[in-house]
**Q** 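One structure, pasted below without further comment.
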Amino acid sequence: LVEQIEEILTMDKFDYIVIEASGICEPVPIAQTITMLSDYMDTSHLPSTPRLDSIITVTDALRLSKEFDSGSELLNDSIKEDDIENLIIEQLEFCNIVILNKVDEVAEEELNRIKAVIKALQRDAKIIETNYCKVDLNELLNTHLFDFEQVASSAGWIKGIENDHHEHHHHDHDHECNENCHHDHVLEYGIETFVYFNREPFNRQKFFEYISKP
């Protein structure tokens with residue numbers, strides 16, 4: 001990540017960098033990396049210094065309603081470290097903006113419950129209600145919302161870092177950022193990926209037929 005940011009800055013022709021992390025990525029290691037970059041860049045000869053502007057989490061209101069009891073299950077004390085609920089919590093706790101998508105597909109009462117849960121996890125997050133993820137870019141770019149200490153001071157996040165295993169997990173991510181890091185993370189939530197290499201290109205039609213099978 002550091003090398004890619006340096007390469008983009010060296011080009012000196014972009015105004016803004018948007019990093020779209022994977023859906024199972026924890027935002028904290030990325031935030032730590034970019035925040036620490038500022039000190040590093042001060043001693044370099046790059047044309048500008050990166051500033052983390054905001055962390056945005058896209059949340060599916062319909063899925064929260066159907067699969068997580070309108071988000072209430074995210075407040076359950078029995079959630080384990082490797083449960084998918086824990087990942088959702090971490091993404092909501094450590095963000096500045098929540099894009100709450102598919103709001104028209106849930107009842108108003110359900111939507112209010114979902115927003116209350118989000119606020120319980122991150123009281124300072126700006127919630128943008130929308131459908132089809134249609135959002136005015138002016139609400140997302142150059143917001144100057146990110147403040148590491150402020151985001152990290154939410155009650156839910158403090159509770160999380162007090163867990164020894166949680167601390168150990170993030171410690172590992174801080175010192176290792178490679179393909180294995182991502183693969184281990186994926187396995188933690190019961191999801192597994194693999195990379196397929198072949199000198200010959202895929203037959204696109206056969207590939208789509210394969211992934212379309214029930």
Side-chain angles (χ1 to χ4, degrees), residues 1 18-37 52-102 113-128 133 140 143 145-193:
L1 177 61
V18 177
I19 300 174
E20 182 181 7
S22 73
I24 55 173
C25 180
E26 297 172 5
V28 180
I30 296 177
Q32 289 174 328
T33 299
I34 297 176
T35 301
M36 290 186 293
L37 263 178
L52 184 54
D53 181 65
S54 66
I55 295 180
I56 302 167
T57 296
V58 179
T59 302
D60 188 323
L62 181 61
R63 187 176 181 193
L64 280 183
S65 175
K66 287 188 173 183
E67 300 180 28
F68 301 99
D69 189 22
S70 296
S72 297
E73 291 187 8
L74 302 182
L75 304 180
N76 193 325
D77 291 336
S78 64
I79 295 174
K80 298 178 181 178
E81 186 72 18
D82 57 353
D83 287 343
I84 192 66
E85 288 89 347
N86 190 59
L87 176 62
I88 298 172
I89 290 169
E90 291 184 4
Q91 292 184 348
L92 286 171
E93 281 182 332
F94 207 85
C95 74
N96 307 110
I97 298 173
V98 176
I99 298 179
L100 190 54
N101 197 37
K102 301 183 182 178
R113 288 178 61 194
I114 290 170
K115 289 190 289 186
V117 169
I118 292 173
K119 282 298 184 181
L121 293 171
Q122 177 48 268
R123 62 181 181 273
D124 297 326
K126 175 183 178 182
I127 300 177
I128 301 176
C133 276
L140 306 179
T143 65
L145 288 175
F146 185 79
D147 182 302
F148 200 104
E149 296 302 323
Q150 181 180 353
V151 177
S153 67
S154 70
W157 174 246
I158 291 173
K159 180 180 177 181
I161 62 174
E162 287 174 350
N163 183 293
D164 289 339
H165 179 72
H166 192 84
E167 280 269 7
H168 176 71
H169 179 68
H170 283 297
H171 180 77
D172 288 344
H173 277 283
D174 291 343
H175 292 84
E176 183 180 8
C177 189
N178 52 37
E179 291 181 359
N180 289 330
C181 169
H182 177 72
H183 189 252
D184 290 342
H185 185 160
V186 172
L187 290 175
E188 180 181 357
Y189 295 104
I191 303 170
E192 187 172 0
T193 65

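Just so you know, residue 1 is the first one in the sequence shown, and it goes up from there.
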**Q** Can you name the closest pair of heavy atoms from Phe146 and Ile55 and give their distance?
**A** CE1-CD1, 3.7 Å

**Q** Please assess Asp69 against Arg113 for the test side-chain contact (heavy atoms from CB on, under 4.5 Å), listing each intermediate value before the final yes or no.
**A** CA-CA 9 Å; Asp69 189 22; Arg113 288 178 61 194; 3.2 Å; yes

**Q** Would you name the heavy atoms of Val117 and Gly71 that are closest together and state the gap between them?
**A** CG1-O, 3.3 Å

**Q** Does Lys119, at its NZ atom, have more than 12 non-hydrogen atoms belonging to other residues, nucleotides or ligands within less than 6.0 Å?
**A** yes

**Q** side-chain contact (heavy atoms from CB on, under 4.5 Å) for Thr143 and Asn96? Distances and angles first, verdict last.
**A** CA-CA 10 Å; Thr143 65; Asn96 307 110; over 6 Å; no

**Q** CG of Asn86 to CD of Gln91: how many Å apart, nearest 0.5 Å?
**A** 10.5 Å

**Q** For Leu74 and Leu92, what are the C-alpha separation, side-chain angles and deciding distance, and is it a side-chain contact (heavy atoms from CB on, under 4.5 Å)?
**A** CA-CA 10 Å; Leu74 302 182; Leu92 286 171; 4.1 Å; yes

**Q** Measure across Ala61 and Ile114 and return the closest heavy-atom pair with its distance rounded to 0.1 Å.
**A** O-CD1, 3.4 Å

**Q** Verify side-chain contact (heavy atoms from CB on, under 4.5 Å) between Asp60 and Asn101, making sure each step is shown before the conclusion.
**A** CA-CA 5 Å; Asp60 188 323; Asn101 197 37; 5.7 Å; no

**Q** Measuring from Glu90:CD to Thr57:OG1, what's the distance to the nearest 0.5 Å?
**A** 11.0 Å

**Q** Output the distance between atom CD1 (Ile127) and atom OG1 (Thr59), rounded to the nearest 0.5 Å.
**A** 8.5 Å

**Q** Enter the distance from Glu85:CD to Ile88:CD1 here, rounded to the nearest 0.5 Å.
**A** 6.0 Å

**Q** Looking at CD1 of Ile118 and CD1 of Ile89, how far apart are the two atoms once the value is rounded to the nearest 0.5 Å?
**A** 12.5 Å

**Q** Under a 3.5 Å distance rule, please check whether Asp147 uses its side chain to pair with a backbone N or O of Gln150 as donor and acceptor.
**A** yes

**Q** For Leu62 and Lys102, which heavy atoms make the closest approach, and how far apart are they?
**A** CB-CD, 4.2 Å

**Q** Give the minimum heavy-atom separation between Leu140 and Ser54, together with the two atoms involved.
**A** O-OG, 3.8 Å

**Q** If I take atom CG from residue Leu1 and atom CD1 from residue Ile34, how far apart are they, to the nearest 0.5 angstrom?
**A** 5.5 Å

**Q** Considering all heavy atoms of both residues, which atom of Glu26 and which atom of Leu87 are nearest to each other, and what is their separation?
**A** CG-CD1, 4.1 Å

